[in-house]
Amino acid sequence: MRAARARRPLAAGATLALAATMGLTALATSGAQAAVSGTANGFAAGTTGGAGGQTVRATTGTAIHAALCARASKSTPIVIEVEGTINHGNTSQVSGAGCSTAAGVIELKGISNVSIVGVGSGATFDQLGIHIRDSSNIILQNVTVKNVKKSGSPTSNGGDAIGMESTVRNVWVDHVTLEASGGESAGYDGLFDLKNDVENVTLSYAILRNSGRGGLIGSSESDTGSGNITFHHNLYSNIDSRTPLLRGGVAHIYNNHYVNLHESGINSRAGARAKVENNYFEDSKDVLGTFYTDQAGTWQTAGNILDNVTWSSKGTDTNPAGPGMASTTTVSVPYSYRLDGASCVPAIVSQTAGANKGLRVSDGSCTPTNPTPNPTSTATPTSNPTPTATSNPTPTPTSGTPTGTNLSIGAGADGSSKASGTSYGNVVDGNLSTYWSPSGSTGKVSVKWGSAKSVSKINIRTASGSGTIGSWRVLNGDTGAVLATGSGAGVISFSSTSLKKVTFEITSASGTPRIAEFETYAG
């Protein structure tokens with residue numbers, strides 16, 4: 001069943017109102033701008049690109065290469081402002097002390113301290129990829145790269161819109177639009193591919209769309225030496241798979257909006273560890289798991305929203321995380337960051353992500369949380385990790401029935417994962433002989449209202465023959481925030497919260513649970 005939509009259409013002139021309510025910051029206007037706006041966060045924090053160096057304007061690929069080659073050395077800082085369409089016809093090889101370039105691709109090879117920034121009416125790399133190899137401290141901002149092919153004509157960069165390989169460090173790719181016009185059969189490959197020792201990269205406020213492959217970290221099951229990659233506030237739209245595909249290493253994936261993933265989404269393989277937080281997954285299939293291999297990866301999840309997501313059955317080379325998307329490990333990251341509530345993500349990303357959108361960003365004020373930085377990134381696997389709650393949870397529910405009015409009677413209900421013959425509505429009908437069961441041992445069921453209610457207690461009542469509920473989370477269905485965690489059925493208390501939807505998520509169980517009633521109370 002489709003969950004209630006978290007986003008609403010924006011009327012004309014609503015942009016400024018959205019910026020105020022969502023906490024969007026305009027780093028620059030949509031017109032001409034100078035140098036790089038903002039600073040990198042995530043694993044690429046500290047990346048400065050060409051800051052402090054000469055600023056050069058380029059309107060052809062050849063001019064970009066010439067600017068690189070004219071530097072005193074391969075590490076002399078430079079900011080290259082790009083405007084216009086860059087294509088095969090205006091991109092040739094240039095030689096010099098500060099470069100190692102090639103025709104038919106924008107080549108950043110064996111260099112450091114470079115920023116390439118789209119300015120003015122915009123910069124479009126048409127059928128021409130950007131290749132970063134053996135380089136460090138690079139910033140790419142406010143550019144569009146489209147229709148890069150690996151077969152057919154013309155070809156560029158192995159079919160990757162942006163590709164990095166072979167000892168690449170500290171790269172920030174921000175406010176870019178990466179797009180294709182089909183999949184591998186049409187000649188295209190990945191939009192954002194990293195392989196053979198790439199570390200400390202952040203992809204932020206980007207649009208990746210209309211491609212068979214979103215991107216990868218590691219080119220094969222033996223290429224597991226890349227990692228420490230952050231993906232945040234990006235839109236993945238109309239993609240078959242690889243959003244991204246991870247092999248080894250750590251990836252932090254938060255506040256992204258995923259729409260129309262046709263085959264699979266975040267594919268954690270070959271020992272990879274993904275921290276997946278407060279993302280909005282919509283109209284998609286198998287958005288997280290290990291797919292097309294028996295070499296598994298792991299994930300830690302919290303605060304994500306699933307909106308019309310379907311799941312495959314588990315097989316020898318298919319291990320979907322759903323429908324419950326329970327964590328299989330814990331992942332720490334060594335930096336501070338702010339999380340927008342998952343329900344805010346579609347609207348925020350719509351107004352910020354991509355090139356030529358004014359370089360606006362979220363300030364994290366839409367129901368933010370503030371994770372504590374941890375200087376290590378060593379995971380300690382656990383079968384049932386307990387996510388951090390945003391209030392004081394009651395680890396073990398109490399028995400008895402709360403006093404007051406059961407707000408669930410007359411309310412609506414929905415969820416994800418429903419066993420045949422059961423109904424979400426059975427948990428709000430006041431009848432203990434009817435029930436909802438997930439299709440397996442995990443799943444979500446929600447109570448929802450047309451207007452906000454203040455809720456501080458729920459009572460989970462099971463039906464006869466129910467399996468035993470293990471671990472669970474109570475979520476604010478409006479924002480994705482965790483209100484409480486614990487195990488077992490019964491009365492669960494948390495700080496009074498005004499909301500239109502509250503969700504009970506079962507993350508582990510013995511047998512198949514049968515939830516007869518999901519009662520809600522103001523106090």
Side-chain angles (χ1 to χ4, degrees), residues 23-25 27 36-49 51 112 115 136-141 164 168-176 192 194 197-206 215 217 225-234 244 246 248-256 266 268 272-279 297-304 327 329-342 344-345 348-349 352-353 359-380 385 387-388 390 480-482:
L24 305 184
T25 301
L27 294 182
V36 170
S37 293
T39 57
N41 61 1
F43 279 111
T47 301
T48 58
S112 61
S115 297
S136 64
N137 197 31
I138 308 294
I139 294 176
L140 305 177
Q141 188 176 67
M164 306 180 204
V168 173
R169 298 288 186 272
N170 294 94
V171 178
W172 181 31
V173 180
D174 178 64
H175 283 91
V176 300
F192 192 71
L194 287 60
D197 193 18
V198 176
E199 293 187 4
N200 300 329
V201 174
T202 295
L203 176 66
S204 57
Y205 297 97
I217 303 172
S226 300
N228 293 343
I229 317 297
T230 302
F231 301 83
H232 73 88
H233 292 94
N234 303 302
L246 315 170
V250 169
H252 187 197
I253 302 169
Y254 71 90
N255 282 156
N256 300 288
I266 301 167
S268 182
R273 293 178 289 130
K275 189 177 184 72
V276 182
E277 302 180 281
N278 288 36
N279 300 284
T298 55
W299 45 85
Q300 179 182 347
T301 59
N304 301 289
S327 300
T329 192
T330 57
V331 183
S332 296
V333 294
Y335 51 81
S336 299
Y337 58 104
R338 292 176 65 86
L339 286 169
D340 287 304
C344 304
V345 165
I348 290 174
V349 169
T352 58
L359 295 178
R360 287 188 297 168
V361 300
S362 170
D363 65 8
S365 67
C366 188
T367 61
T369 57
N370 297 285
T372 302
N374 188 318
T376 66
S377 59
T378 301
T380 303
T388 302
T390 57
V482 180

Between [atom1] on residue [X] and [atom2] on residue [Y], distance to nearest 0.5 Å:
X: Glu199; Y: Leu194; atom1: CD; atom2: CG; value: 11.0 Å
X: Leu339; Y: Tyr254; atom1: CG; atom2: OH; value: 7.0 Å
X: Asn278; Y: Cys366; atom1: CG; atom2: SG; value: 10.0 Å
X: Asn200; Y: Ser136; atom1: CG; atom2: OG; value: 10.5 Å
X: Asp197; Y: Ser226; atom1: CG; atom2: OG; value: 6.0 Å
X: Thr301; Y: Glu277; atom1: OG1; atom2: CD; value: 9.5 Å

Which atom names give the shortest non-hydrogen contact between [X] and [Y], and what distance separates them?
X: Ile139; Y: Gly49; answer: CD1-N, 3.7 Å
X: Val331; Y: Lys275; answer: O-NZ, 2.9 Å
X: Ser268; Y: Arg273; answer: OG-N, 4.2 Å
X: Ala206; Y: Ala353; answer: O-CB, 3.7 Å

Should the pair Tyr205 and His233 be assigned to parallel (<30°), tilted (30 to 60°) or perpendicular (>60°) ring geometry? parallel

Parallel, tilted or perpendicular: which one describes the rings of Tyr335 and Tyr337, with boundaries at 30° and 60°? perpendicular

Ser204: which residues meet the side chain to side chain contact (heavy atoms under 4.5 Å, CB included) condition with it, sequence neighbours left out? Trp172, Asp174, Thr202, His232

Only counting residues at least two apart or in another chain, list the ones meeting side chain to side chain contact (heavy atoms under 4.5 Å, CB included) with Asn137.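 Scan of Asn137 (side chain to side chain contact (heavy atoms under 4.5 Å, CB included), adjacent residues dropped) gives Thr47, Thr48, Asn113.
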
Run the side chain to side chain donor-acceptor pair (under 3.5 Å) test against Asn234 and tell me which residues pass, sequence neighbours left out.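 Result, side chain to side chain donor-acceptor pair (under 3.5 Å) vs Asn234: Asn256.
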
Not counting sequence neighbours, which residues clear side chain to side chain donor-acceptor pair (under 3.5 Å) with Thr298? List them please.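 With neighbours one apart ignored, the set is empty.
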
